[in-house]
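Contents: one structure, followed by commentary.
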Amino acid sequence: MDFGLIRESLPFLLQGAWVTLRITALSLVFGILLGTLVALARMSPMRWLSGLTLGYIELLRGTPLLVQIFLIFFGIPQLTQQQINEFVAGVIAFSINSSAYVAEILRAGIQSIPKGQREAALSLGFSPTQTLRYIILPQAFTRVIPPLVNEGITLLKNSSLLSAIAVVELTRAGQLISARTFKPFEMYLAVSLIYLVMTLALSFVARQLERRWQVR
Amino acid sequence: MRKGIVVMVLMGLLGASGALAQSCLANVKANGLTVGTSPDYPPFESLDKNNKIIGFDVDLLNLIGAELGAKVTFVGQSFDGLIPALLTKKIDLIAAGLTITEERKKSVDFTRPYISGPNVIITRKETTGISKLEDLAGKKVAVQIGSAQEKIASGVKGAEVKSYNLYTDAALALNTRQADALIVHRFVGRAFLKQYPDLKIVAELNQVDTGLALRKECSDLRRAIDAAIEKLEKNGKMDELAAKWFK
C-alpha cells in the first residue's frame, strides 16, 4: 500500500470530485424541472400526450445510460457538424435520463395521495388547480423527498460513466493516476471513500429534510 | 524453538518465491502463455468481424509461441489495466503495441524492440495551422488513457488532453469534431486514415520502440522470447509479418 501516493494525488482527486458534484447538481435540477413537466404530461387526460410521454419514459429507462451518453456525445456532432463540450453533453444526457425517473417518482407521489382528499377538497369548493396546489402537492412533496434523494445518489454514482467521454470527474481522475502509476488499488480505494463521503452527506441532508417536513 | 519455526517459515517463503522466479518459462511451457492486449489499436491488434482478436501482435505471438513450444491465448481488456493485470499475474505478457518508456521500465521488463517508428499528429483535412507539437497549445488533443502518446500530449504547454478508454474512441472523437488533433503511432494512424478519409497526418514526431512487456521476475521467459524474436528477424518471418500488416 502506497499511502503517500493517495496523499499526493488528493488535490487532483478532489478537483475531480468537484466536477462530479457540479454535474450531479446541475443534472438533478434540470432533471427535476424537466421531470415535473413530463409527470404532468403523463397524467394528462389527453390520451395522445400521456401515451407520448409513456414512450419517452420507457425509451430512457429501457436503454443503458452509457449508450445514451455516447449517442449525445458522438451522435449529435455527427448530425449537426457542431462540437459539443463533453461536460455539457454529460449534463444533457443525465438531465434527460433523470427526467424519466423523476417523472415516475412524482407521478407515484401524487397518485399516492388518497382520492378522498381530492374529492373532499372539490366538495369544499376548491378549484381543481387549487386542490392540486394546496392539498395534493404539499402532501406528495414530503413523500417524494426520499426517492428524489435516491435519484440524486444514483446520478452522483452514475456520473462515473462520463469518464468514457473523457470528462475528468472523480473516477477519471483516479483512472488517470492509476494508469500512470500502475497502482489501481490505492487509487480506487481513495476514489471510493470520496464517493462515500459525498453520498453519505446527501443521505444526511435528506434525513434532515424528511424530519423537518414530516413533523408538520 | 519459536524462533526456529519463524526462520524455517521465512526460509520456506523465500525458497518458494525463488522457485516461482525460476519457473516463468517452465510454467508457460506447461500451462500456455496468456497474453493481454487491448484490441483497439489496428494493425497491432483489433477485432475482426467475428470479434476475434487479429493483428500483427497476434501473428507475432503465435510464431513466438511455436518457438517456445507454448500454447498462446489472447485476452482482450482495457489498455490502462494491462500493466496492473500483468503485475497481479492475470496475464503472463503484454502484446499491445506498447511503447518502451523509462516510466514503464520501472514496473515491468521489456523484450527487445520488435518495431520502431514515429508517432504522428493527425487532424481533420479542413484543419490548418497544426504542423508541430507546439501548435497543439489551446487545442483538444485526443489520446488513449495510460498511453505513451498521452504523456507526449500532456507535455505540450496549453494543450487540452482528452484521454479516451479506447484508441478507436479517440479517433472517433477527432472525426466527429470533438477533438482537434490525435497523437498516435504512425502505423495505427495509417489504419485510422483508411477508416476515416477526412483525416490526415500533419506531422511526424520522434521515433519510438515497441516491445512486449513481462514481469521483472520472469527474466528467463524474457530471454527465451528475445531469442525467438531475434530468430524471426534473421529468418525473414518478421519482415513477412510487417509486410502483411504495415503495408
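Quick note on labels: first sequence line is chain A, next is B, and so on, each numbered from 1.
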Between A:S163 and B:N165, the two heavy atoms sitting closest are O-OD1, 4.4 Å
Closest heavy-atom pair and its distance - B:L87, A:F182: CD1-CB, 4.3 Å
Is any side-chain heavy atom of B:R177 closer than 4.5 Å to a side-chain heavy atom of A:Q81? yes
Can you confirm whether [X] is buried at [atom1], in the sense that more than 12 heavy atoms of other residues, nucleotides or ligands lie under 6.0 Å from that atom?
{"X": "A:F30", "atom1": "CZ", "result": "no"}
{"X": "A:Y134", "atom1": "OH", "result": "no"}
{"X": "B:K52", "atom1": "NZ", "result": "no"}
{"X": "A:Q78", "atom1": "CD", "result": "no"}
{"X": "B:N206", "atom1": "CG", "result": "no"}

Contact listing (chain A partner; [range]; heavy atom under 4.5 Å):
{"range": "residues 140-156 of chain B", "result": "B:K140, B:I145, B:G146, B:E150"}
{"range": "residues 180-200 of chain B", "result": "B:D180"}
{"range": "residues 98-111 of chain B", "result": "B:E103, B:R104, B:S107"}
{"range": "residues 120-139 of chain B", "result": "none"}

First locate atom [atom1] of [X], then atom [atom2] of [Y], and finally report the distance between them rounded to the nearest 0.5 Å.
{"X": "B:T88", "Y": "A:F185", "atom1": "OG1", "atom2": "CZ", "result": "12.5 Å"}
{"X": "A:T181", "Y": "B:I83", "atom1": "OG1", "atom2": "CD1", "result": "10.5 Å"}
{"X": "B:T176", "Y": "A:I76", "atom1": "OG1", "atom2": "CD1", "result": "11.5 Å"}

Output yes when a side-chain donor or acceptor of B:Q178 lies under 3.5 Å from a complementary backbone atom of A:E86, and no otherwise. no
Which answer fits A:F73, side chain, backbone, both or neither, if we ask what part of it has an atom under 4.5 Å from a heavy atom of chain B? both
Quick one: what part of B:A173 sits under 4.5 Å from any heavy atom of chain A, side chain, backbone, both or neither? both
Looking at B:S163, B:G81, B:P84, which has the largest count of heavy-atom pairs under 4.5 Å with chain A? B:S163
